[in-house]
Amino acid sequence: MTRTNLNRFGTLIAFVLLCIGFSIAAPTAFASPGNVFNLVQQMATLAIVATAATLVMTISEFDLSVGFSASLAAVICFVLFGQGYDVWLAVPAALLVGIVGGAANGVLVARFGIPSFVATLALGTILSGFAFGLSGGQSLFQSVPEAFKALGRGEILGIPVLGFWIVGVLGVAAFVLTQTEFGRRLKAIGGNAQAARLAGLPIVRDVIATFAIAGGLAALAGLLLASRLGSVQHTMGEPLLLPAYAAVFIGTTASPTGAPTVAGTLLGVAITGVMVNGMTIVGVEPFVQRILTGVIILVAVLVRRVGRAK
Amino acid sequence: MTRTNLNRFGTLIAFVLLCIGFSIAAPTAFASPGNVFNLVQQMATLAIVATAATLVMTISEFDLSVGFSASLAAVICFVLFGQGYDVWLAVPAALLVGIVGGAANGVLVARFGIPSFVATLALGTILSGFAFGLSGGQSLFQSVPEAFKALGRGEILGIPVLGFWIVGVLGVAAFVLTQTEFGRRLKAIGGNAQAARLAGLPIVRDVIATFAIAGGLAALAGLLLASRLGSVQHTMGEPLLLPAYAAVFIGTTASPTGAPTVAGTLLGVAITGVMVNGMTIVGVEPFVQRILTGVIILVAVLVRRVGRAK
Amino acid sequence: MLDLTGISRRFGATHALEDVNLALSEGEVLGLVGPNGAGKSTLIKIIAGADRPDAGEIRIDGRAVHFASAHDAYAAGIRVIHQDAPLVPGFDTLENCYLGREYPRRFGRIDRKAMRAAIAEVAADIAPELDLDVPVMFLPQAERQFVRLLRAIADKGRLLILDEPTAALPAEDAERFYEVLRRTRERGTSIILVSHRLEEIAEFCSSAVVLRDGRIVARFGAGEVKPEAMIAAMGGSASERSTRATDTSAPLIIEIDGVTGGDLTRPAQLAVHAGEVMALYGLAGSGRSSLLNAIWGAIPWAGSMRLTGEVYRPKSPRDAIARGVSCVPADRHRSGLFLVEDLIFNKTLPLLSTYRRMRGLPVPDRTAERAEFLVAAERVSLSYRDPKQLARTLSGGNQQKLIFSRWANRHSRVMLLDEPTEGVDVMAKSTIKDIIRAIAADGNAVLVSTSDRDEALELGDRIAVFRQGGIVRIFSRAEASAEALSAAAQSRGAA
Amino acid sequence: LAAGEKVSVITPFLAAIATGEMIEAFKAKAAEYQWTVDVVDTAGDMAAFASRVEDATTSGANAIVLVSVDPAQIQDQVDKAKAAGVPVITIDGAKNASSVLNVTSDNYALGQTMTKFLFDQIGNKGNIVRFFYSAHPGVHQREVALDDALKATPDVKQVADHYVAVPGQVDDSRAAMDAMLLANPGDGAINAVWAAWDEPGIGAQLAIEAAGRKGIIIAGIDGNPQAIELIKGCTPYVGTVRQGFGEMAKIAADQLNLILAGGKPEKDELYAPVELITRESLGVTCN
Ligand SMILES: Nc1ncnc2c1ncn2[C@@H]1O[C@H](COP(=O)(O)OP(=O)(O)OP(=O)(O)O)[C@@H](O)[C@H]1O
Ligand SMILES: Nc1ncnc2c1ncn2[C@@H]1O[C@H](COP(=O)(O)OP(=O)(O)OP(=O)(O)O)[C@@H](O)[C@H]1O
Ligand SMILES: [Mg+2]
Ligand SMILES: [Mg+2]
């Protein structure tokens with residue numbers, strides 16, 4: 001086993017140990033098919049938002065608007081439902097808003113040279129203002145069509161629908177990043193923007209596209225979350241922000257060059273997801289949960305060093 | 001006027017325009033001495049946390065634990081008060097916890113090579129667990145000594161006490177960053193870590209020191225906030241995180257090399273502070289406030305481009 | 001004073017250094033030469049405390065030392081310019097020079113006046129026009145090299161180590177540097193100099209060692225340091241100077257008419273024929289790179305250009321590529337390489353869409369990429385271990401070859417080369433020169449900016465000499481000579 | 001008796017003082033019944049909240065207690081719990097087809113009581129400012145009560161309002177009140193502060209005290225201990241409506257005991273009594 005492999009396996013080993021630990025602590029509850037089903041469902045939105053973050057971090061930028069985009073998309077969708085619009089109109093409209101918002105981020109960053117942290121936070125704040133205004137600051141849960149609920153609930157062949165979304169979205173993202181010209185270009189831009197420009201890459205276009213895709217994915221995550229919950233609050237997407245980036249960064253520690261990867265991100269999502277789920281099942285006190293959360297993440301990213309050449 | 005100066009003035013001009021705008025919209029209320037007094041008080045904690053963020057960003061890292069450190073320091077201080085300890089013991093103890101927490105961040109980043117985003121978020125989560133556990137999730141407000149309240153309230157010679165804190169902390173930080181060897185080293189580490197390493201700088205030590213100082217400043221901000229409010233909630237510091245980094249990034253757009261500076265950060269804090277204060281005085285609807293917040297920040301960082309050579 | 005015994009350093013399967021023994025006496029000036037990837041930079045990093053050997057011992061004045069960091073080596077009096085040494089981009093020259101040094105102070109504050117006084121003196125000798133107060137990120141590449149030189153020389157030590165200090169410096173600029181270096185030598189400072197310009201070594205060094213595949217294969221004492229002998233020890237032979245003349249009846253490929261942009265402040269007039277190599281020569285900062293960048297569409301420019309008779313207005317490198325133009329940019333770390341990506345990635349990136357397995361489907365065919373990389377690597381005699389190794393792990397000269405390899409097997413109407421042989425060893429230099437000639441011979445136009453005066457004379461069918469942001473004279477091969485080029489590049493008065 | 005039962009208590013708002021109080025009271029009562037109680041907080045995250053309800057359902061909890069949320073916000077998860085045979089009750093929540101019981105204060109009544117008290121104090125005439133947070137369904141009901149009262153009392157005008165940021169609510173409200181005071185200078189420009197719960201009221205009190213403004217009174221809701229201190233201390237804070245948090249939790253635990261034993265609660269929604277706390281009720285006199 002090469003050093004690279006050992007490194008990569010470090011964080012994975014931590015994850016496996018975590019699962020084994022919970023299986024021992026709560027054999028019937030944690031390791032049950034029902035709980036695995038739950039876990040998949042619970043991780044789906046975070047996994048998709050974290051994928052958006054992975055794409056943006058591949059070009060060495062940040063997108064802090066993902067949570068806000070998710071909220072706004074969900075609000076728009078439910079407001080349209082409230083006005084009697086159909087799923088086939090409301091869902092594409094909501095996704096479009098996410099894509100357009102993301103593209104606007106890209107324009108601010110690539111064309112106007114605003115640091116992505118400021119640009120996306122400012123634009124995210126604007127989006128959250130719209131979400132607030134449109135929802136009137138209230139929880140929306142009326143007149144949700146059954147077709148919409150089906151997007152993020154239930155199962156097909158015993159596998160939760162949200163599981164298919166994870167596989168679909170992350171699979172495509174991984175394919176794009178590792179196998180296509182576009183993915184190659186994003187890595188180049190993230191690695192050395194100046195060199196990428198001089199090598200003739202269409203940087204402005206690619207950066208805008210990346211942010212647009214991220215916005216679209218965030219919107220999708222918001223819709224799936226809304227479908228799963230059956231209700232929408234105008235701040236519902238915001239708690240996704242930090243965990244999404246945490247997942248990406250945990251994932252980078254599993255990559256030999258420290259670059260973000262979809263697989264690494266999924267591992268990061270899985271670690272955080274399993275941790276919270278397991279601790280709830282075992283019944284850990286809330287404040288102890290927080291302490292353990294931090295400790296487990298640190299241990300997970302430190303384990304890889306065991307397999308590291310000095 | 002050189003290009004550099006024009007660039008620097010861009011964001012400043014936006015700030016002045018903002019102030020003029022509010023002065024016209026609410027002549028008696030906004031531009032009154034009383035409001036300036038308020039503004040100074042309101043900006044103090046954010047300014048100090050943003051200074052911590054500035055230091056950490058100078059070495060091109062993130063510290064996401066600042067808000068949690070601020071909360072924990074305040075909780076510890078009030079818990080000690082509750083047990084009858086004196087200000088002279090409680091305050092140093094609380095600051096020490098902040099410094100130690102920060103140093104731990106530094107060790108994780110510099111010694112163990114964990115990305116600062118993960119390390120500080122994980123450690124911050126641990127700190128928040130302690131704040132939660134120690135406070136029992138309750139608001140603490142009993143037996144607060146008068147000496148403690150004096151730290152963050154009232155005035156001296158007509159100037160709010162918190163104003164002196166701003167001047168003191170930011171002044172020292174600016175001096176350290178621009179005039180001392182330590183400051184130079186931090187800029188070098190942030191500017192090109194490899195160059196710093198080849199020049200033989202004590203990177204590990206400096207990184208740890210930077211995070212420790214940041215932790216101490218965050219703790220100080222938490223204490224001043226607690227003093228101003230007279231009560232402590234275990235989550236009170238968390239809302240400081242994003243605005244602090246937003247302020248630093250807004251500040252970087254006013255610097256010719258894009259590096260964080262204390263002066264730029266203060267400008268960023270002032271822009272956000274004045275904006276919220278002014279809009280509340282004028283009585284803007286909450287959701288419109290958010291939209292305008294985003295718009296104004298974007299305009300402020302775009303204005304500098306007016307003064308930029310193509 | 002310095003004694004190395006049994007130094008070895010491995011990177012995975014690569015033996016960068018194997019059992020190197022080297023002794024340097026007080027005041028000795030040692031040339032360290034060897035082909036790309038021989039281990040020169042690795043050895044220097046070890047002496048400088050920037051890397052640690054797997055085995056072996058370093059002694060200074062007979063005492064064994066263990067450098068835990070570059071600071072320890074600094075404290076022992078060792079001063080270094082590493083190859084491609086990174087600078088702190090936001091720092092100006094003064095601050096970069098003082099990095100890692102004790103700052104002068106006044107009243108607790110850093111005393112910039114004293115810093116300036118110390119640096120300006122040396123700067124006046126090496127680079128009189130260098131602005132010491134501009135962040136180096138805003139300085140042209142050549143001037144950044146002056147900053148590195150200043151940094152090493154301004155702070156006096158016992159041992160000065162220079163890893164290819166003049167690789168991208170024109171002869172005239174290099175001469176000023178060696179002038180200062182001579183004074184340093186006279187003060188009794190020991191020096192180790194790495195260079196692929198063997199004449200420099202022969203002229204400047206009292207002794208030399210040749211490193212090959214991590215081992216010292218030859219040592220030359222006083223009076224024995226001769227380029228031919230060193231080349232022979234490296235396992236190569238010197239190349240011939242070609243004697244072709246421009247075929248002025250051949251069609252014009254690229255015509256440049258009154259172009260300005262970047263450092264090119266005076267309108268440039270230039271036309272290159274099919275089959276012609278146009279060398280661009282001038283002092284650092286004279287505007288050569290800016291002309292190439294304008295043709296490449298990388299900087300905003302004014303004027304007019306024609307490509308094979310048609311109007312050519314590139315707004316980005318992308319436009320240029322689409323019209324059959326290729327470019328090897330200068331400053332490989334900043335403008336060329338993706339250091340944490342592998343070799344194939346670096347090679348195929350600009351023309352990625354030509355590797356599709358299925359047309360219309362933007363998915364590169366990895367087998368095709370690999371095959372083409374292998375061909376190109378062979379062509380530029382790249383020495384590497386594995387196509388999947390990271391570009392960062394190549395030696396400096398091999399990194400340069402890697403960038404060149406991008407275009408090595410493309411049919412380019414116009415080839416733009418900015419310092420294509422920077423840091424490349426003598427053998428590979430002649431290979432690259434052959435490739436350049438072959439590209440031209442296919443009926444294409446080549447514009448090559450080089451700081452190596454001999455290379456300009458050797459390569460150029462004509463040589464355009466730049467001075468202070470404009471072309472001062474275009475020499476035909478017959479008119480050109482080292483003296484004439486230098487005179488034009490440095491001429492004062494009206495151009 | 002249903003001793004040894006496992007009860008999951010889940011809330012997104014443990015950081016809120018009132019929620020914490022309810023949960024503490026519930027735990028105390030549960031200890032008497034010898035249940036094992038697991039408390040879960042999702043720190044404002046509704047998605048996580050839904051996930052934790054799922055976890056509780058699969059982990060074999062005997063009952064789920066949701067605190068300070070409307071089950072309709074996670075209908076699917078509550079439905080699933082019901083389908084799995086796990087009874088769900090809410091404290092400070094809302095009625096729902098899939099939950100067995102909601103024990104609450106009547107939020108509209110809370111708002112009405114507080115508003116009436118506040119309006120009476122200013123003689124049903126004058127200017128008020130409002131601190132609100134519609135995202136919380138219960139809090140929103142109080143706002144509805146205020147809206148109704150304003151309609152019915154044309155001499156009381158709302159001159160400013162502020163949507164409170166949570167967390168950081170005290171500091172945020174203080175800064176907002178600072179601005180409102182300046183925007184409405186002069187005696188009588190603001191007569192009263194209507195705080196949808198006590199913490200924004202405490203922030204407003206700090207601003208009023210610092211500005212030295214006279215003639216403004218504050219009332220809130222919750223019976224927050226700090227607010228009660230302020231009322232005792234003859235500050236502008238004149239009243240709060242104590243929700244019977246302890247009472248609610250006690251009712252909920254008693255009813256849950258009944259449910260676990262196979263019984264049914266008397267009604268699907270039960271109210272705990274509310275209590276207006278003023279200087280008078282605390283027996284202090286100020287001058
Ligand atoms: N970090 C590294 N990881 C792996 N291999 C490395 C690393 N650094 C250097 N090498 C390898 O060590 C060998 C010696 O490299 P070195 O840079 O010392 O050569 P050099 O003599 O300086 O060449 P050049 O003339 O091209 O600068 C090369 O094969 C190089 O690929
Ligand atoms: N306004 C500008 N915008 C973007 N790039 C610029 C601008 N001005 C100059 N440059 C680039 O900066 C670099 C200057 O570096 P360099 O000194 O190598 O070029 P030069 O001035 O042409 O000198 P030389 O003759 O040594 O090549 C070039 O790459 C040039 O294209
Ligand atoms: Mg080298
Ligand atoms: Mg050049």
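In this text, all values refer to a predicted model and were calculated from it rather than measured experimentally. Naming: A, B, ... by sequence-line order, numbering from 1 per chain.
- Note that CD of A:Q194 and CG of C:L337 are 12.5 Å apart. Values are rounded to the nearest 0.5 Å.
- Pairing each heavy atom of C:P317 with each of A:G200, the nearest pair is CB-CA, 3.6 Å.
- Nearest approach of A:L198 to C:A298, heavy atoms of both residues: CD2-CB, 3.4 Å.
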Practice item. Could you go through the side chain to side chain contact (heavy atoms under 4.5 Å, CB included) check for C:L390 and A:T257 one step at a time? Key: CA-CA 9 Å; C:L390 302 186; A:T257 60; 3.7 Å; yes
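- Contacts between C:R392 and chain A at a heavy-atom distance below 4.5 Å are absent for every atom of the residue.
- Interface remark: A:A196 contributes backbone and side-chain atoms alike to the contact with chain C (heavy atom separation under 4.5 Å).
- Inter-residue side-chain proximity for A:L201 and C:R318 is flagged as unmet; no heavy-atom pair is nearer than 4.5 Å.
- Contact annotation for C:P364: both backbone and side-chain heavy atoms come within less than 4.5 Å of a heavy atom of chain A.
- Checked against ring pair (Phe, Tyr, Trp, His ring centres under 6.0 Å), C:F345 has the following partners two or more places apart in sequence or in another chain: C:F338.
- Ranked by non-hydrogen atom pairs under 4.5 Å with chain C, the options A:A259, A:P202, A:G258 are led by A:P202.
- For C:S326, no part sits under 4.5 Å from any heavy atom of chain A, backbone or side chain.
- The pair C:E341-A:R184 does not count as a salt bridge, with every side-chain nitrogen at least 4.0 angstrom from each carboxylate oxygen.
- In terms of modelled atom types and a separation under 3.5 Å, the side chain of A:N192 and the main chain of C:H333 share a donor-acceptor contact.
- In this structure, chain A has a heavy atom under 4.5 Å from the side chain of C:R356, while its backbone stays farther away.
- Residue C:L352 touches chain A through both its backbone and its side chain, counting heavy-atom pairs closer than 4.5 Å.
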In residues 206-218 of chain A, what donor-acceptor pairs under 3.5 Å come from side-chain atoms, sequence neighbours left out?
from	atom 1	to	atom 2	distance (Å)
A:D206	OD1	A:R185	NH2	3.0
A:D206	OD2	A:R185	NE	2.5
A:T210	OG1	A:D206	O	2.7

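- Residue C:S316 does not touch chain A at all, counting heavy-atom pairs closer than 4.5 Å.
- For the atom pair CG (C:L361) and CD (A:E181), the distance works out to 9.0 Å, reported to the nearest 0.5 Å.
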